[in-house]
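Atoms within each ligand, like the ligands themselves, are counted from 1 in listed order.
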Amino acid sequence: MSTTDPKLMDKIISLAKQRGFVFPGSEIYGGLANTWDYGPLGAQLRMNIKKLWWQDVVERRPDMVGLDGAILMNPKVWEASGHVTTFHDPLVEDVVTHKRYRADHLLEKALDTTMAGKSLEDMAKLIVDNNILSPDGNELTPPKQFNLMFSTKIGPVSDSGTDVYMRPETAQAIFVNFRNVLQSSRQRLPFGIAQIGKAFRNEITPGNFIFRTLEFEQMEIEYFVEEGEWETKFEEWQKWMQEWAVKIGIDTEKLHADDIPENDLAHYSKRTIDFDFEFPFGKDELWGLAYRTNYDLSQHQEHSGEKLVYTDPQDPKNKFIPHVIEPSMGVDRTMLAVLVSAYDEETVNDNTRVVMRLPHIIAPYQVAILPLQKKLELQDVAKKLYTILGGKYRTEYDETQSIGKRYRRQDEIGTPYCITIDFESLKDNAVTIRERDSMKQERIAIDDVVNYLEKTLQ
Ligand code: GAP
């Protein structure tokens, strides 16, 4: 099914709820708009994506180390990083309904032109000159800047506590710990620090399921380099991101690496590529790759008064603030792009078969063990096999409903292999292995199951 079919989104949202990938947040209390909870399969899928990322960027690279920074940081961090003064979006309000919108988004849609580099005054004039109204047909307030950082208070008394922000990106914990990591690890330039963690943004227009939420998770790398090598390293990371998209099953025909125009770059960046993906609701940013220069470390050095320089081991007189390449990937958007890419429908015996063609490496379950009936002798064999496979693969044991319904469920949740134990198994010590994509069934000896899976589930 095409990833740009608008109906695909509804199908994915419904399957995600029904099968336990994503539930609406706080549902029994009527929900809380734009919050989502990940169910058993969603939690596992996210975990698999994050684990694979961590293995690939930290555990399998000698030039990378990990970090797990705090969500709450000294507010001076956000002054130094520029987020207090510049991390905002232009907000307009419908004067009747009081619904809030991004002025740039409304204008871009109405005038079919970019608002990159436009000031609040420019946008106010365009709204008036072109009689731009809210989606409900009402007048709009003039645009004003709206800071996206959530703030909260530390301390037992709410009106006298210290104001702090919920981090809007994980990156700053890496910059703030640059010296600690350098001193405690054996790293020398070029090297990177990777981190996975929650970030929070008070988005004006959250929506499109888990695409734009208020609370989300990022997998970020700050890769420190000498200034002269930034272009080479930028290209290396771009290639890596493209290859990783293939590895996790993202439809790369729908993935576009677009350079952000200079007048639309974030305050810290000299070059940024957005990896845009063709989602069912339109093409939008999946991941970002930015050259942040040495902006962040310089800012933190200036604001904290602490030296954040690197000393060249070959020439100790050569001290400088390293430059940074930043591959930044949202876990939630990655999961959405993976689901959108994997979802498929086909007609089998006049019925529609829904199948999530997830790569084995990240599928929530890799194997399902299905005794044909709830009979003790079959359950015995099935449970023994579960014990053997459970320690090696993500394995589900399911003995409910008819075998047809169980296959259907496993197809929908993307399980690559189903193993059925039937009455013949008691005689011939063999089982049926069914492959998800081809639906091909093979009879193999129970003793060969591990070998078989070892060859196919890498
Ligand atoms: N440190 C750089 C940074 O935060 P960003 O482009 O603002 O850059 C990086 O965010 C990634 O985080 C995005 O490419 C996207 O995958 C994810 N992301 C950003 N805002 C999000 C939101 N409101 N909901 C879900 N994911 C989001």
Side-chain angles (χ1 to χ4, degrees), residues 22 25 33-36 38 42 46 49-50 53 67 69 71 73 77-78 81-83 86-89 102 105 146-150 165-176 192-223 234 237-238 241-242 244-245 248 250 255-260 264-277 279 281 283-293 295-297 299-300 324-340:
V22 188
N34 301 299
T35 63
W36 301 93
Y38 292 99
R46 285 163 66 79
I49 291 171
K50 290 188 280 178
W53 186 88
L67 185 86
I71 286 172
M73 303 181 79
V77 169
W78 307 107
S81 67
H83 283 79
T86 58
F87 195 59
H88 40 51
D89 282 334
R102 288 265 303 258
H105 287 177
F146 176 77
N147 195 293
L148 302 185
M149 284 198 292
F150 274 110
Y165 298 105
M166 312 279 280
R167 67 180 178 196
E169 61 170 9
T170 58
Q172 294 306 321
I174 298 181
F175 296 123
V176 166
I193 305 176
Q195 182 173 215
I196 300 177
K198 287 267 184 181
F200 303 81
R201 292 182 193 177
N202 200 0
E203 298 277 2
I204 298 170
T205 50
N208 283 325
F209 193 37
I210 54 171
F211 176 79
R212 195 183 307 283
T213 47
L214 309 174
E215 159 184 353
F216 53 97
E217 210 163 356
Q218 292 184 317
M219 306 182 284
E220 293 202 296
I221 295 164
E222 305 304 328
Y223 196 77
F234 191 95
W237 278 109
Q238 182 179 351
M241 289 168 94
Q242 250 142 359
W244 209 69
I248 58 169
I250 287 177
L255 189 66
H256 310 275
D258 294 334
D259 252 288
I260 299 297
D264 208 16
L265 287 172
H267 60 275
Y268 49 73
S269 176
K270 257 203 179 152
R271 184 181 176 199
T272 295
I273 283 180
D274 272 359
F275 283 85
D276 285 343
F277 182 72
F279 289 98
F281 47 83
K283 186 167 152 243
D284 215 327
E285 179 187 339
L286 170 63
W287 300 331
L289 172 65
Y291 168 41
R292 287 179 86 128
T293 67
Y295 173 85
D296 300 270
L297 287 180
Q299 286 290 104
H300 288 306
V324 160
I325 308 297
E326 179 193 64
S328 178
M329 303 153 96
V331 177
D332 313 77
R333 283 188 195 176
T334 302
M335 174 167 158
L336 184 57
V338 161
L339 290 178
V340 164

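For the pair Gln172/Arg167, no side-chain contact is recorded, criterion being any heavy-atom separation below 4.5 Å from C-beta on. Two residues are said to be in side-chain contact when any heavy atoms from C-beta on lie closer than 4.5 Å; Asp296 and Val324 fail this criterion. In this structure, the side chains of Phe175 and Arg292 come closer than 4.5 Å at one or more pairs of heavy atoms.
The environment of NZ in Lys198 is crowded: more than 12 heavy-atom neighbours from other residues, nucleotides or ligands sit within 6.0 Å.
For the atom pair OH of Tyr38 and CE of Met335, the computed distance is 5.5 Å after rounding to the nearest 0.5 Å. Between the CZ atom of Phe146 and the CZ atom of Arg102 there is a distance of 11.0 Å, given to the nearest 0.5 Å.
Counting only heavy atoms of the protein, atom 6 (O) of ligand 1 lies nearest to Glu285 OE2, 2.9 Å. Atom 9 (C) of ligand 1 has as its closest protein heavy atom Ser328 OG, 3.0 Å. Remark: minimum distance from atom 24 (N) of ligand 1 to any protein heavy atom is reached at Thr213 N, 3.0 Å. For atom 17 (C) of ligand 1, the closest non-hydrogen atom of the protein is Gly330 CA, 3.8 Å. Here the heavy atom of the protein found nearest to atom 3 (C) of ligand 1 is Glu220 OE2, 3.6 Å. Among protein heavy atoms, atom 10 (O) of ligand 1 sits closest to Gln218 NE2, 3.4 Å. Nearest non-hydrogen protein atom to atom 7 (O) of ligand 1 is Arg201 NH1, 2.8 Å. Among protein heavy atoms, atom 16 (O) of ligand 1 sits closest to Leu286 O, 2.6 Å.
Distances below 4.0 Å separate heavy atoms of Glu326 from the following atoms of ligand 1: 1 (N), 2 (C). Remark: ligand 1 atoms within the under-4.0 Å shell around heavy atoms of Trp287 are 14 (O). Near Gly288, meaning under 4.0 Å from any of its heavy atoms, are these atoms of ligand 1: 14 (O). The ligand atoms of ligand 1 that sit less than 4.0 angstrom from a heavy atom of Arg292 are 1 (N), 2 (C). Distances below 4.0 Å separate heavy atoms of Phe211 from the following atoms of ligand 1: 24 (N), 25 (C), 26 (N). Residue-ligand proximity, Glu203 to ligand 1, at heavy-atom distances under 4.0 Å covers atoms 20 (N), 22 (C), 23 (N). Every atom of ligand 1 is numbered from 1 in the order shown, and the set under 4.0 Å from a heavy atom of Glu169 is 1 (N), 2 (C), 3 (C), 4 (O). Taking every heavy atom of Tyr268 and a limit of under 4.0 angstrom, the matching atoms of ligand 1 come to 2 (C).
Using the six-membered ring where Trp is involved, Tyr295 and Tyr268 have ring planes that are tilted, between 30° and 60° apart. Relative ring orientation between Phe277 and Phe279 is described as perpendicular, the plane-to-plane angle rising above 60° on a 0-90° scale split at 30° and 60°. Aromatic ring orientation, Phe209 versus Trp36: perpendicular (interplanar angle above 60°, classes split at 30° and 60°).
A cation-pi arrangement is present between Arg333 and Phe211, with the terminal nitrogen or guanidinium carbon under 6.0 Å from the aromatic centre and inside a 45° cone about the axis.
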